[in-house]
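Scroll down for the structure; my scribbles are underneath it.
Values below: all heavy atoms of this structure, side chains included; hydrogens, waters and symmetry mates excluded.
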Amino acid sequence: MSTVSTVVGGISFWYAQEGTPAPREPLPGDTSVDVCIVGGGYTGLWTAYYLKKAVPFLNITVLEAKFCGYGASGRNGGWLYNGIAGRDRYAKLHGHEAAVRLQKAMNETVGEVVRTAAEEKIDADIHQGGVLEVAHTPAQLARLKDFHSVEIAFGESDRVLRGARETAERVQVTGAVGSTWTPHGARLHPAKLVKGLADAVEALGVTIHESTPVTEIKPKHAVTPYGTVRAPYVLRCTEGFTASLKGQKRTWLPMNSSMIVTEPLPARIWDAIGWEGRETLGDMAHAYFYAQRTADDRIALGGRGYPYRFGSATDNDGRTQPATVTALRDLMVRLFPVTAGVHVDHAWSGVLGVPRDWCATVTLDRSTGLGYAGGYVGSGVATANLAARTLRDLIQQDSGQAGPTDLTTLPWVNHKVRRWEPEPLRWLGVHGMYAAYRAADRRETTSPRPGTDPIAKIADRIAGRH
């Protein structure tokens, strides 16, 4: 193994490779605009983009605490895929056909992002190889087959189920006994996408103020240390950093996810692994992993390390515990033994937003002009785009410029959810949940039974995931 040290933190490898953007000016003082967007990640920038394209005369300002893409948008695993948090719950609340419409919109969103990035000449290393999810144990294989059947029932007629041999022909994942593949997915470089999107938004005439933390959002006001922005519409697009806002500590839980990325791997290693289709890759474990083969032939792999910080705190520039780095590296070597001698170049962490019922949502309160979108539970790269287009339509409907659209009638619109429990119950609950999932994964590894371990089922019920 190389003795060169692994870079830890520094926001993410994606920014270490791409370089952090030149800083934009902070808010110069009090101002008034038509729409104020709080948060310069995918949700906020896509919303600004689609609103400005639809209504060019709108005066739109984006306020960002650090710089655009500082949060999850610049630290994620680069999975542009059609998963959406809460679809099964929406089926229970609104009926199967409503959830099918939501899934169809997500399927189409993958192509929308790919198309728009090309139209705006954003080179984000996008490769539309689909999503491959593998199973390692009898219990995982049973869950995978159930998952595959459910996805087909929600309209994915182009999804493919593969056995062990067919899976190995795609990617040589040690111990994989089966897989499911959907074409509705792509690999991308997160920082390249968010930087290109910010530039495209500015080119349309949207104002972006960075280094401008919003401390409080209230009707028609976004309050910052540099002044207050007044607007008929104020949209909260802060995802995992929502808890930093006044009164929002228990709204969405900031769940940590961590990643490692290897050095560029030589051809002999790729000959052993395969992965020529460059699918995004995951599994059916309870404490699952997610991975991609990058454009410069690295493996970028992530999973849950230290899942939650007390009091809904967030990390400092992506710093990651050594034990988490070691655990992710060990996982990579178990999956791909041929990588045992490769160097891990970079490790980092970020937070994603988790509502109490694990359901993503998009909302506009017509009485106050306050809106928000998020709670993506790790599926935000594509979901943020659908949320942004939905916010656009909701604002146009509210302002009398348009009527209801297919997007404004989707079942996740204006969904309400209760708040998370106060501390220390939040901390105990989240850490207990992931301890249970890890224990369930260990038990399933040695069990010949195809059923999901009872510990995981109990954890699901306590968490509110089912």
Candidate pair Gln17 and His346, rule side chain to side chain donor-acceptor pair (under 3.5 Å), full reasoning: CA-CA 10 Å; Gln17 186 181 54; His346 205 121; over 6 Å; no
Pair Leu197-Trp46, side chain to side chain contact (heavy atoms under 4.5 Å, CB included): steps then yes or no: CA-CA 7 Å; Leu197 184 55; Trp46 278 124; 3.6 Å; yes
Side chain to side chain contact (heavy atoms under 4.5 Å, CB included) between Leu328 and Ser258, worked out: CA-CA 8 Å; Leu328 289 174; Ser258 301; 3.9 Å; yes
Verdict with reasoning, Tyr233 to Asp34, per side chain to side chain contact (heavy atoms under 4.5 Å, CB included): CA-CA 7 Å; Tyr233 299 102; Asp34 297 316; over 6 Å; no
Verdict with supporting geometry, Arg87 and Glu151, salt bridge (charged side-chain N to carboxylate O under 4.0 Å, His left out): CA-CA 11 Å; Arg87 183 201 61 195; Glu151 297 308 295; 2.7 Å; yes
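The pair Arg143-Glu133 does not meet the salt-bridge criterion, since no charged nitrogen lies less than 4.0 angstrom from a carboxylate oxygen. Salt bridge present: Glu421 and Arg356 bring a charged side-chain N and a carboxylate O closer than 4.0 Å. Taking the charged nitrogens against the carboxylate oxygens, Arg101 and Glu97 have no contact shorter than 4.0 Å, which rules out a salt bridge. Ion pair Asp199/Arg24 flagged as a salt bridge, since at least one NZ, NE, NH1 or NH2 atom sits closer than 4.0 Å to an Asp/Glu carboxylate oxygen.
Checking Thr207 against Thr61 by side-chain atom types alone, no donor-acceptor pair falls below 3.5 Å. Of the N and O atoms on the side chains of Arg75 and Ser257, not one donor lies less than 3.5 Å from an acceptor on the other residue. For the residue pair Tyr50 and Asn385, a side-chain donor N or O sits within less than 3.5 Å of a side-chain acceptor on the partner. Between the side chains of Thr361 and His415, no donor-acceptor pair is found at a separation under 3.5 Å.
Under the 30°/60° scheme for interplanar angles, the aromatic rings of Tyr70 and Phe241 are found to be tilted. Ring pair His136/Phe289 is tilted by interplanar angle, where 30° to 60° counts as tilted.
For Ala222 against Val234, the heavy-atom pair with the smallest separation is CB-CG1, 4.3 Å.
In this structure, Ile217 and Leu245 have side chains that are in contact, with non-hydrogen atoms separated by less than 4.5 Å. Side-chain contact between Gln103 and Asn82 is present, with at least one heavy-atom pair separated by less than 4.5 Å. Within the 4.5 Å cutoff, side-chain heavy atoms of Arg162 are placed close to those of Leu132.
In Asp406, the CG atom is not crowded: 12 or fewer heavy atoms of neighbouring residues, nucleotides or ligands sit closer than 6.0 Å. Atom CD of Glu216 sits in a crowded spot, with more than 12 heavy atoms from other residues, nucleotides or ligands closer than 6.0 Å. By the 6.0 Å contact criterion, CZ on Arg419 is enclosed, its count of non-hydrogen atoms from other residues, nucleotides or ligands being greater than 12. Crowding of Lys220 atom NZ: a count of heavy atoms from other residues, nucleotides or ligands under 6.0 Å exceeding 12.
None of Leu394, Val62, Thr47 except one satisfies the side chain to side chain contact (heavy atoms under 4.5 Å, CB included) rule with Leu235; the exception is Thr47.
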Tabulate below the donor-acceptor pairs under 3.5 Å that side-chain atoms of residues 371-384 make, not counting sequence neighbours, or state none.
residue, atom, partner, partner atom, Å
Tyr376, OH, Thr43, OG1, 2.8
Ser379, OG, Tyr81, OH, 2.9
Thr383, OG1, Ser379, O, 2.5

Ignoring hydrogens and angles, write down the donor-acceptor pairs under 3.5 Å from the side chains of residues 117-124, residues two or more places apart or on other chains.
residue, atom, partner, partner atom, Å
Glu119, OE1, Arg115, NH1, 2.9
Glu120, OE2, Tyr49, OH, 2.7
Asp123, OD1, Asp125, N, 3.4

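For the pair Arg236 and Trp252, the cation-pi criterion (under 6.0 Å, within 45° of the ring axis) is fulfilled. Geometric assessment of Arg250 against the ring of Trp420 yields a negative cation-pi assignment under the 6.0 Å and 45° thresholds.
Take Gln401 and apply the side-chain contact (heavy atoms from CB on, under 4.5 Å) test, not counting sequence neighbours, and it matches Val55, Phe57, Gln396, Ser399.
The distance between the ring centers of His209 and Tyr226 does not fall below 6.0 angstrom.
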